[in-house]
Amino acid sequence: MIKEHPQYGTRIPPEELEYLNHQQRQHPQRTGRPPVPAHRMPRTHDRPRERPGARDDRRHERPQRPNRVGNQRAGEGPPRPAPAVAESPVTLLGRAIHSYQASAALFAAHSLGVFPTLHQKPQTSEDVARRCEADPRGIERLLNALVGMGILHKHGATYVVPREVAPYVVPGVDGDATGMLDLNIELFREWSDLARGIKEGVPLHRLSSDALLASDGDRVRRYIRSVHTNSRQTAQRVVEMAPLLPGSTLLDVAGGSGIFAAEYARVTPDLRAILFDLAPTIEVAHEILTAEGMEDRVTYRTGDYRSDPFPSPVDAVLLSNLFQTESEEVGRLILAKARESLRPGGTLLVHGVMTDPDETKPVDAVMHSLLMYVLFDQGRAYPSEMISDWLAQEGFGVRFVRPLGPPFRSKLIVATRLE
């Protein structure tokens, strides 16, 4: 019986011991030490000795040492990952050319009233076509496309709006954020005329504060409500990344619906949150936060950040999605006002979509920069390095610059007012 092994010593694995004993029974004439398994490289002392001074032709040899994974035999580890195949120009261009189709399908369903129809109860494509007064064959194709996109669910022949999707596609439900769909349907038509906008150098769809205030009040309300719902998870991530001290005072400049101020107030004991924005925006924000039971946690101050001084003194100032709508000149003016508002050693939080230094990546930030061009006279997604330089020149010390991480595409800069 085999009692010792050149590789395992006396602790021979049972399957290996059984194999070696079987080999010895099959070939009893072989005695002595068991043979070296075929899958093991010979050790140095097993090699035949050569005469001194002989040329060693093995000095460039590299023994093939197989990887061991779990209980697999040597050499049976996972294969090395193959390098990613470069995308062909046809594939790259094809994806860009056809990317509008998903948006078109979503907007068509919204315009046809598909989502509120299905929200009433799950229905077949024939039922939806009849209620929406549309072609049954077209509705079936559209519904299947929405299922493939993950927006609808399908059970047998019945289509369903998932509960978590409803606030974003069904008007009137709790947390209604369909104003973003309405806005982007308008933008969808105007993006097709992007060449004209770039040639003339004017926004195709002005979304500045002045433009919003001059438009229909219901449109402003729908837009602010949709931004509130869409920004909740982003606000929660910012609060996690940059918590404030209990009892401190936070000024949220141009905070819109007040979602960031409200999320800070939810988790920070005795926080005094101040929302500073234009009067019509403050009115809508008050409605939204009152419905959420936050009316006593946020103080409302009306004003224009371009012309009015900021409330002061405060311990922290939040500038969220603000720089990307303005020129560098206005951005630096905002920083100067924020510094005046802050106590020495106070915290400045700058949140928004920011590009890399060369402004060509990441692609979602670059496309966001182009969107800001479409919406604002001086809109642009600035590199975080450029904003950090502004901060240093305006008397701030940058503590960190960090991306919020998936699924968010924005970054957070935290800085301190220096003496």
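Computed from a prediction, not measured in an experiment: that's the story for all the values here. Computation of the quantities below employed the complete heavy-atom set of this structure, encompassing side-chain atoms and omitting hydrogens, waters and symmetry-equivalent molecules.
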Does one side chain, of Tyr159 or Asn144, offer a donor that lies under 3.5 Å from an acceptor on the other?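 Their side chains do contain a donor-acceptor pair, which is all the 3.5 Å distance test asks for.
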Does either side chain, that of Ser410 or that of His351, offer a donor lying less than 3.5 Å from an acceptor on the other one? yes
If I take atom CG from residue Leu333 and atom CZ from residue Arg306, how far apart are they, to the nearest 0.5 angstrom? 10.5 Å
Would you compute the distance between atom CG of Leu143 and atom OG1 of Thr158 and round it to the nearest 0.5 angstrom?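 Output value for this atom pair is 11.0 Å.
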Cut-off 3.5 Å, no hydrogens considered: what does the side-chain donor-acceptor table look like for residues 234-241, sequence neighbours left out?
unit_1: Arg237; atom_1: NH1; unit_2: Leu404; atom_2: O; d: 2.2

For [X], does the [atom1] atom sit with more than 12 other heavy atoms under 6.0 Å from it, leaving out its own atoms?
{"X": "Arg399", "atom1": "CZ", "value": "yes"}
{"X": "Glu133", "atom1": "CD", "value": "no"}
{"X": "Glu186", "atom1": "CD", "value": "yes"}
{"X": "Glu164", "atom1": "CD", "value": "yes"}

Residue list, side chain to side chain donor-acceptor pair (under 3.5 Å) with Gln101, at least two apart or on another chain: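 For Gln101, no residue satisfies side chain to side chain donor-acceptor pair (under 3.5 Å) once neighbours in sequence are set aside.
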Got a salt bridge between [X] and [Y], using NZ or NE/NH1/NH2 to carboxylate O under 4.0 Å?
{"X": "Arg225", "Y": "Glu287", "value": "yes"}
{"X": "Arg206", "Y": "Asp377", "value": "yes"}
{"X": "Glu126", "Y": "Arg130", "value": "no"}
{"X": "Glu140", "Y": "Arg137", "value": "no"}

Given the rule in the ring pair (Phe, Tyr, Trp, His ring centres under 6.0 Å) test, do Phe276 and Tyr305 qualify, once you have shown the distances and angles that lead to the verdict? CA-CA 8 Å; Phe276 180 72; Tyr305 61 75; 8.0 Å; no
